[in-house]
Structures are given as structure tokens and as C-alpha cells.
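Worksheet for the structure shown next.
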Amino acid sequence: MMRKENNADLTQNENVHTDSTADTDNDEVLQSLPNALAISWGYVKQQKRGPKGELSIKMIVDAAIAIADKDGLSAVSMNRVAQSLGYSAMSLYRYIQSKEDLILLMQEAVCAYDVLPSTGDEDWREGLREFVRVTASVFCEHPWFGDIPVSGVPMTPNHLRIVDWALRSLRNMPVNDFEKMSFVLLVSSYARSIGLIQRDLILAVRAGKSPEAFSGLSYTGALKQLVTAEAYPDLYPIVASGAYTGENEVENTVGNDFDFGLERILDGIQAFLDRKQQ
């Protein structure tokens, strides 16, 4: 039997039904959810026999996040999480059935963004800028987040709130639902891409690499000798000018590469809207 968990550990979603047949149908639908999805929505299977109140799902997930933040995703195991809490692994399995479920719940927990209420008159470009900035930041705050492969469309409540947040900026656009979702995929993919690059820079610097080495600036002289006009006809002038490694930043007309790229994406969306209205 599935039941709605009302502890502070889980999301506080309210599901109100007034028809008994509808209740039965909804129960069957909810029972079809994979275990981690059911937990994320506040519906959990009745626990098996065992000590009560010794642990909570939130305690387990928080402990796993702490381990991943310190030592990476590969360090997370049911055994290590249990040891960090002073319990056996079997104690954890009464709450979370597998490591895969635990990882999904870790993802869900770190995506609990505080999204400000809509004012109804937001500029769509600024809304998407903020969306990209915030969603990219999770990769730097929790470097292991980017090591989890995308396994499907968002299905957990916090992730769906992120999708809803992105759609807010598109609310008044003269586009259909498929076009809206394609725009969300576009800006989400860009946020993931720049988040991963920023994360990798942070990790490289932590490992002892200088930002100049990461950008290639330390090796500009060598590259100018190695990259010839014959072998690399289009790259050669860019390396020679110093633009490839950021050698002459005073001449940089772009500014922040990530912001520049996002603005070109937003320009593309605007151009699409302009064509639709012609």
C-alpha cells in the first residue's frame, strides 16, 4: 500500500480526492511509480518491521550529499552512508531500496531552489538569464551532480518546479507547447554545459592547476609555434592574435563568454518569434 508521508523529511504535497472511485484509480497510478519517485512526491511504501524513528529519509539523503560533496559520487554507497550515521546498511534499506534510488533523491534535494513568485510582468529574456545562472550554479556547488547521466525527463517535484520556472518566462509568447518545451530544453542544455565547464575549472584549480594553465594562456608561446597556417588555416590567425588563450583581453569585445553565448541564444529565440509574427 502507498501512503502519503507527511514528515518534514519529504515534500508536503496535498492530494485531495472527493470521489472514492477516483481515489482507487489514483492509488493504482501512484503504486506504479518507482520507489524513489514515490518518496520524492511524499508517497512511500509502508516500512518493514524494524526499529522506528531511528532514521529518516532526509537524514540518509543529507549524509549521502555530504559524502559526495567531500569525496565525489563514487564514494557514495549504502554502507558508507550507514556508517556515517552510525547504523548498518540494512537499516537504510528500510527507507531507501537501492543506491540508484538514493542518487535520485540526492539530485532532487540539491535542486530545491527558492523561486520568487511571479509578478506577471517579467521580461522573458531576464527571466531566462536568471534561470540559466541559478541552474548552472548547482554543478559548482555540488560537483558530483554533473556526473549523474540524464536518464529521462524530469519527474520529481523540485525538478518539475524548475521546468515550471523556465516556462514562466515563456508564458506570453505566441508559441505552442512543443515550441515552449524545445526552448526549455535549449536553455537547460546551455546551463548544463556552462555549469560543467565552470565546475571543471574549479576542480582543476583545487587540484593545483592555475587558471592560466586551464585557459591555455600559459602555453600561448608554444601554441604559436605549433599551430601553423598550413595545418590549421582558420585557427592559425586566432592563435596568432592571442584570442584563443585570452592573451590580449583588453581587445576582447565579447566579455564573459558564457553570457555572450546565452545572449546569442536569446537573440535566436527573438528572431524565431519575429518570424512567426510576420
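Note: hydrogens, waters and symmetry copies are ignored here, and every other heavy atom, side chains too, is used.
At a threshold of 4.5 Å between non-hydrogen side-chain atoms, the residues Arg161 and Pro157 count as touching. Val76 is listed as a side-chain neighbour of Val81, based on a closest heavy-atom distance under 4.5 Å. For the pair Gln107 and Leu105, the minimum side-chain heavy-atom distance is 4.5 Å or more. Here the side chains of Trp144 and Ile65 are in contact, with some heavy-atom distance below 4.5 Å. Within the 4.5 Å cutoff, the side chain of Pro143 has no heavy atoms near those of the Ile202 side chain. Between His142 and Met106, the closest side-chain pair of non-hydrogen atoms is not below 4.5 Å.
Residues Gln270 and Asp274 have side chains that bring a donor and an acceptor to within less than 3.5 angstrom of each other.
The side-chain hydrogen bond (donor to acceptor under 3.5 Å, both in side chains) pairs that include a residue from residues 146-156 are Glu108-Thr156, Asp147-Arg199, Thr156-His159, where partners are two or more places apart or lie in different chains. Applying the salt bridge (Lys or Arg N to Asp or Glu O under 4.0 Å) test to every pair with at least one member in residues 253-272, sequence neighbours left out, gives these pairs: Arg125-Glu263, Arg125-Asp267, Arg129-Glu263, Arg264-Asp267. Annotation: ring-ring contact (aromatic ring centres under 6.0 Å, His included) contacts involving residues 58-83, sequence neighbours excluded, are absent. Applying the side-chain hydrogen bond (donor to acceptor under 3.5 Å, both in side chains) definition to pairs two or more places apart or across chains, those involving residues 239-253 are Thr220-Thr245, Lys224-Glu247, Glu249-Asn252.
Partners of Asp62 by salt bridge (Lys or Arg N to Asp or Glu O under 4.0 Å), not counting sequence neighbours, listed by chain and number: Lys58. Partners of Tyr190 according to the ring pair (Phe, Tyr, Trp, His ring centres under 6.0 Å) rule, which considers only residues two or more places apart in sequence or in another chain, do not exist here. With sequence neighbours left out, the salt bridge (Lys or Arg N to Asp or Glu O under 4.0 Å) criterion links Arg80 to Asp71. Legend: residues meeting ring pair (Phe, Tyr, Trp, His ring centres under 6.0 Å) with Phe272, ordered by chain and number and at least two apart, are Phe183. With sequence neighbours left out, Trp124 forms a ring pair (Phe, Tyr, Trp, His ring centres under 6.0 Å) with no residue at all.
Under a 4.5 Å side-chain heavy-atom cut-off, the cluster of Ile, Leu, Val, Met, Phe, Trp and Tyr residues that includes Val205 is completed by Leu201, Phe214. Taking Ile, Leu, Val, Met, Phe, Trp and Tyr as members and joining any whose side-chain heavy atoms lie under 4.5 Å apart, directly or through other members, Tyr219 forms no hydrophobic cluster with any other residue. With a 4.5 Å cut-off between side-chain heavy atoms of Ile, Leu, Val, Met, Phe, Trp and Tyr, the cluster of Val254 takes in Phe260.
The closest donor-acceptor contact from the side chain of Ser188 to the backbone of Leu185 lies at 3.5 Å or more, if one exists at all. Using a distance-only test at 3.5 Å, with no hydrogens or angles considered, a donor-acceptor pair links the side chain of Thr135 to the main chain of Phe131.
Between Pro154 and the choices Val184, Ile162, Val163, the side-chain contact (heavy atoms from CB on, under 4.5 Å) rule is met once, by Val163.
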